[in-house]
Structure formats: structure tokens, C-alpha cells
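The residues of the chain are indexed from 1 along the displayed sequence. We count ligands from 1, going down the list as the structure has it; atoms in each ligand are counted the same way.
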Amino acid sequence: MTKLRSVIYRSKALVEPLSNEEQTLMDFVLLENRKLGITGFLVRNGDEYFQYIEGKERVIHDVVERIRRNPLHSGFTMIAEDSPEERNFPRWYMEYCFLDEEEAKQHFKTGGSDEDLAASVLQLMKKKAAKRGEVGFRCLK
Ligand SMILES: Cc1cc2nc3c(=O)[nH]c(=O)nc-3n(C[C@H](O)[C@H](O)[C@H](O)COP(=O)(O)O)c2cc1C
């Protein structure tokens with residue numbers, strides 16, 4: 001079996017949260033990831049995106065490059081990479097959550113290392129995923 005690869009990056013959003021551009025993007029991402037066998041989670045905290053994606057190694061490499069070049073965001077910075085044994089988000093091609101201030105305060109402490117930040121982001125995503133149960137796409141809280 002081909003090895004799985006996962007990455008987490010952060011970037012600065014250049015579009016409004018839940019705007020038409022963002023919704024169109026997420027509709028596209030959902031279909032594309034289904035085709036490519038990619039799963040993951042995208043959270044937005046204010047103007048910042050954090051995205052976790054996982055899939056076959058070669059596919060992830062290509063998609064990361066395409067994501068990096070997308071003009072809807074800037075300042076793409078990888079904060080973690082891994083080769084997980086199994087998928088963390090097997091049920092979602094891509095989930096999207098816009099955080100409220102309280103959640104942001106709990107999960108995004110400033111001054112930590114990239115490693116701490118990535119661990120905290122992943123924990124938040126897993127918590128959200130567990131809450132969501134079987135419901136499909138988009139975050140209902
Ligand atoms: C925040 C953000 C997240 C994205 N996530 C994905 C993704 O998970 N999968 C994907 O195929 N494209 C994703 N994209 C879109 C890619 O950047 C790119 O537009 C798309 O893959 C099409 O490639 P192309 O622009 O080279 O034609 C994302 C873009 C942004 C801004």
C-alpha cells in the first residue's frame with residue numbers, strides 16, 4: 001500500500017469568511033479531494049487559515065503546491081508534516097470551520113513553537129470532528 005502523508009500549514013486569508021469566494025472554493029475542494037482521495041480539515045481563526053490534509057504521498061505533494069499558489073490566501077507556511085499509519089479524518093474530504101472568539105482563545109496561544117501550534121490545531125480539529133458525528137460537509141458547531 002502507498003504511504004500516507006499529512007501536512008498542516010497556516011496562511012493569511014485574503015477573502016471574507018463565508019464569502020462567495022470561500023464557498024465556491026470549498027465546493028471545488030470537496031469534489032477535487034474526493035477525486036484525489038484526500039481528506040482533511042480547514043479551520044479559520046480571524047484572518048488565518050489552518051489546514052490539515054492527508055492522502056497518498058505523491059498526491060499530497062502536488063496539492064500542497066497548488067494550494068500554496070492560490071491567490072485567495074498569502075504567507076503559506078508549513079507547520080507540520082507526518083506519515084500517519086491511518087487517516088485522522090476518514091469521513092471528510094474536507095471540513096471547514098470558522099472559529100468563534102472563545103474557541104480561538106482556548107486553542108491558539110501565542111508564543112509557542114510550530115510543533116505545539118500544530119498539535120493544538122489538530123486536537124481542535126479532532127474535537128470538532130468527533131462532535132460532528134455522521135453529518136456531512138460544513139461545520140454546524
Ligand atoms: C485555503 C485553501 C485551501 C485549499 N484546499 C484545497 C484542497 O484541500 N484540495 C485541493 O485540491 N485544492 C485546494 N485548494 C485549491 C488549490 O489552491 C487550487 O486552486 C486547486 O487545487 C486547483 O488547482 P489550480 O489552481 O492549479 O488549477 C485550496 C485553496 C485554498 C486557498
Give the minimum heavy-atom separation between K56 and L4, together with the two atoms involved.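 It is N-CD2, 4.4 Å.
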
Should L31 and V59 be counted in the same cluster of Ile, Leu, Val, Met, Phe, Trp and Tyr side chains packed under 4.5 Å apart?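 No, no single cluster joins them.
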
Donor-acceptor pairs under 3.5 angstrom involving side-chain atoms of residues 6-14: please list them, not counting sequence neighbours.
{"unit_1": "Y9", "atom_1": "OH", "unit_2": "Q51", "atom_2": "OE1", "d": "2.6"}
{"unit_1": "R10", "atom_1": "NE", "unit_2": "E48", "atom_2": "OE2", "d": "3.0"}
{"unit_1": "R10", "atom_1": "NH2", "unit_2": "E48", "atom_2": "OE2", "d": "2.5"}
{"unit_1": "S11", "atom_1": "OG", "unit_2": "H73", "atom_2": "ND1", "d": "2.8"}

At what distance, to the nearest 0.5 angstrom, does OG of S113 lie from CG of L117?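 So the OG of S113 and the CG of L117 are separated by 8.0 Å.
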
List below, pair by pair, the N or O atoms of ligand 1 and of the protein that are less than 3.5 Å apart, including the distance to 0.1 Å; reply 'none' if no pair qualifies.
{"unit_1": "ligand 1", "atom_1": "5 (N)", "unit_2": "Q51", "atom_2": "OE1", "d": "3.4"}
{"unit_1": "ligand 1", "atom_1": "5 (N)", "unit_2": "Q51", "atom_2": "NE2", "d": "3.1"}
{"unit_1": "ligand 1", "atom_1": "8 (O)", "unit_2": "N33", "atom_2": "ND2", "d": "3.0"}
{"unit_1": "ligand 1", "atom_1": "8 (O)", "unit_2": "Q51", "atom_2": "NE2", "d": "3.2"}
{"unit_1": "ligand 1", "atom_1": "9 (N)", "unit_2": "N33", "atom_2": "OD1", "d": "2.7"}
{"unit_1": "ligand 1", "atom_1": "17 (O)", "unit_2": "R66", "atom_2": "O", "d": "2.9"}
{"unit_1": "ligand 1", "atom_1": "17 (O)", "unit_2": "N70", "atom_2": "ND2", "d": "3.0"}
{"unit_1": "ligand 1", "atom_1": "19 (O)", "unit_2": "N70", "atom_2": "ND2", "d": "3.0"}
{"unit_1": "ligand 1", "atom_1": "21 (O)", "unit_2": "R66", "atom_2": "NH1", "d": "2.9"}
{"unit_1": "ligand 1", "atom_1": "23 (O)", "unit_2": "R66", "atom_2": "NH1", "d": "3.3"}

Going by the rule side-chain hydrogen bond (donor to acceptor under 3.5 Å, both in side chains), which residues pair with T77 if we only count those two or more places apart in sequence or in a different chain?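 Applying side-chain hydrogen bond (donor to acceptor under 3.5 Å, both in side chains) to T77 gives none.
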
Run the side-chain donor-acceptor check on residues 37-46: report pairs under 3.5 Å with partners two or more places apart or on a different chain.
{"unit_1": "T39", "atom_1": "OG1", "unit_2": "E54", "atom_2": "OE2", "d": "2.8"}
{"unit_1": "T39", "atom_1": "OG1", "unit_2": "R87", "atom_2": "NH1", "d": "2.8"}
{"unit_1": "R44", "atom_1": "NE", "unit_2": "G46", "atom_2": "O", "d": "2.8"}
{"unit_1": "R44", "atom_1": "NH1", "unit_2": "V15", "atom_2": "O", "d": "2.8"}
{"unit_1": "R44", "atom_1": "NH1", "unit_2": "E22", "atom_2": "OE2", "d": "2.7"}
{"unit_1": "R44", "atom_1": "NH2", "unit_2": "V15", "atom_2": "O", "d": "2.8"}
{"unit_1": "R44", "atom_1": "NH2", "unit_2": "D47", "atom_2": "OD1", "d": "3.3"}

